[in-house]
Amino acid sequence: TDMLVHDLKGRMSTMVMSFDLMELSVKDSPKDMRLLNTMRSSGNRLLSQVNALLDIRKIQEGRMKLNRQPVDIHQVLRDIITEYKTSAMLVNLRIEEDFDKEANPILTIDIDIFQRIMENIIWNAIQYARTNTAIIISLKKDGLNTLICISNEGKLIPPELNKNLFIPFSDGENNKEKNVKTVSTGL
């Protein structure tokens with residue numbers, strides 16, 4: 001499995017670099033540039049997911065190192081929201097932000113891990129929300145802490161299933177009520 005993931009990473013890296021080369025030939029066409037940017041964004045996301053598979057092994061072996069750096073959390077969340085708005089609209093949902101101006105916008109985090117966590121939670125919110133409702137992503141100040149809350153109007157997880165939340169390939173009993181059919185790798 002590790003070899004396959006490593007090979008995928010190599011191919012994905014080549015594909016993403018090819019997008020950079022393509023940019024030189026399409027820079028005069030706004031339509032082509034939009035398409036290229038979409039392809040690059042999807043390619044980068046896929047490369048990030050392949051890297052996540054490699055990180056799972058590091059976590060299992062206790063070798064995971066965090067790369068903490070100061071980032072503007074507002075911008076990071078807005079970028080993630082932008083990426084998932086189309087998916088939400090396709091299943092008749094809205095994504096709304098509610099950012100408290102008092103909340104500290106600069107946090108020191110490992111941005112790659114943070115993005116994966118937020119994307120996973122937002123994707124789950126999309127999958128399990130009631131249609132024609134909003135997924136609300138809020139950022140609040142709580143003393144010295146900054147709280148991030150992602151909520152939807154979906155069915156609550158029964159307490160007896162909470163123990164399954166972090167088990168790979170487990171998504172509970174309410175699988176039939178999902179907006180999008182997927183396989184879970186666990187939170």
Side-chain angles (χ1 to χ4, degrees), residues 1-56 67 69-99 105-107 109-139 148 150-152 154 168-169 171 178-187:
T1 305
D2 290 344
M3 184 70 100
L4 175 63
V5 172
H6 187 269
D7 291 348
L8 280 171
K9 180 180 178 183
R11 287 188 171 72
M12 287 304 307
S13 296
T14 300
M15 185 177 78
V16 169
M17 286 188 293
S18 297
F19 294 146
D20 293 337
L21 291 173
M22 284 176 64
E23 184 174 2
L24 298 174
S25 64
V26 300
K27 63 183 174 185
D28 295 329
S29 169
K31 181 180 175 185
D32 289 343
M33 278 301 292
R34 280 193 304 274
L35 179 60
L36 178 61
N37 286 333
T38 299
M39 291 166 44
R40 179 185 289 126
S41 176
S42 294
N44 283 329
R45 178 74 51 227
L46 189 54
L47 181 58
S48 175
Q49 291 171 337
V50 169
N51 286 330
L53 291 172
L54 291 170
D55 286 346
I56 289 171
N67 180 25
Q69 56 188 328
V71 297
D72 180 341
I73 202 70
H74 292 145
Q75 190 57 52
V76 171
L77 288 172
R78 283 190 178 108
D79 290 347
I80 295 169
I81 289 168
T82 298
E83 185 166 333
Y84 281 89
K85 275 190 174 184
T86 301
S87 296
M89 287 186 329
L90 289 172
V91 290
N92 297 315
L93 298 170
R94 301 178 313 283
I95 298 181
E96 299 174 359
E97 66 180 58
D98 178 22
F99 294 172
I106 306 300
L107 298 179
I109 59 173
D110 184 313
I111 191 167
D112 292 329
I113 292 174
F114 178 81
Q115 284 177 318
R116 283 195 301 236
I117 292 168
M118 290 297 104
E119 289 167 359
N120 187 311
I121 295 170
I122 291 169
W123 184 246
N124 286 338
I126 290 170
Q127 290 181 84
Y128 292 102
R130 279 194 352 251
T131 57
N132 299 312
T133 61
I135 295 165
I136 301 171
I137 301 172
S138 62
L139 192 63
I148 299 170
I150 301 170
S151 59
N152 67 12
F169 310 110
D171 59 2
K178 288 170 77 170
N179 290 318
V180 183
K181 302 299 181 201
T182 62
V183 174
S184 172
T185 56
L187 291 173

Minimum heavy-atom separation for [X] and [Y], please, with both atom names.
{"X": "Leu139", "Y": "Ile73", "answer": "CD2-CG2, 3.6 Å"}
{"X": "Arg94", "Y": "Asn132", "answer": "NH1-O, 4.1 Å"}
{"X": "Lys85", "Y": "Ile95", "answer": "CE-O, 3.6 Å"}
{"X": "Leu93", "Y": "Ile126", "answer": "CD1-O, 3.5 Å"}

State, with a plain yes or no, whether a side-chain heavy atom of [X] is found less than 4.5 Å away from one of [Y].
{"X": "Ile135", "Y": "Tyr128", "answer": "no"}
{"X": "Val71", "Y": "Phe114", "answer": "no"}
{"X": "Glu97", "Y": "Ile81", "answer": "yes"}

>> I need the single residue from Ile137, Val76, Ile150, Asp79 that forms a side-chain contact (heavy atoms from CB on, under 4.5 Å) with Met118. Which is it?
In response: Ile150
Nearest 0.5 Å, please: how far is [atom2] in [Y] from [atom1] in [X]?
{"X": "Glu23", "Y": "Asp32", "atom1": "CD", "atom2": "CG", "answer": "12.0 Å"}
{"X": "Ile148", "Y": "Leu107", "atom1": "CD1", "atom2": "CG", "answer": "6.5 Å"}
{"X": "Glu96", "Y": "Thr133", "atom1": "CD", "atom2": "OG1", "answer": "9.5 Å"}

> Excluding sequence neighbours, so at least two apart, what forms salt bridge (charged side-chain N to carboxylate O under 4.0 Å, His left out) with Asp98?
Replying inline: Lys140
>> Would Lys31 and Leu35 count as a side-chain contact (heavy atoms from CB on, under 4.5 Å) here? Give the steps.
In response: CA-CA 6 Å; Lys31 181 180 175 185; Leu35 179 60; over 6 Å; no
>> Run the side-chain hydrogen bond (donor to acceptor under 3.5 Å, both in side chains) test against Thr82 and tell me which residues pass, sequence neighbours left out.
In response: none
> Between Tyr84 and Trp123, what is the ring plane arrangement, given parallel below 30°, perpendicular above 60°, and tilted in between?
Replying inline: tilted
>> Determine whether a donor-acceptor pair (N or O, by modelled atom type, separation under 3.5 Å) exists between the side chain of Asn152 and the backbone of Ala125.
In response: yes
> Is the backbone N or O of Asp110 less than 3.5 Å from a side-chain atom of Asn67, with the two atoms forming a donor-acceptor pair by type?
Replying inline: no
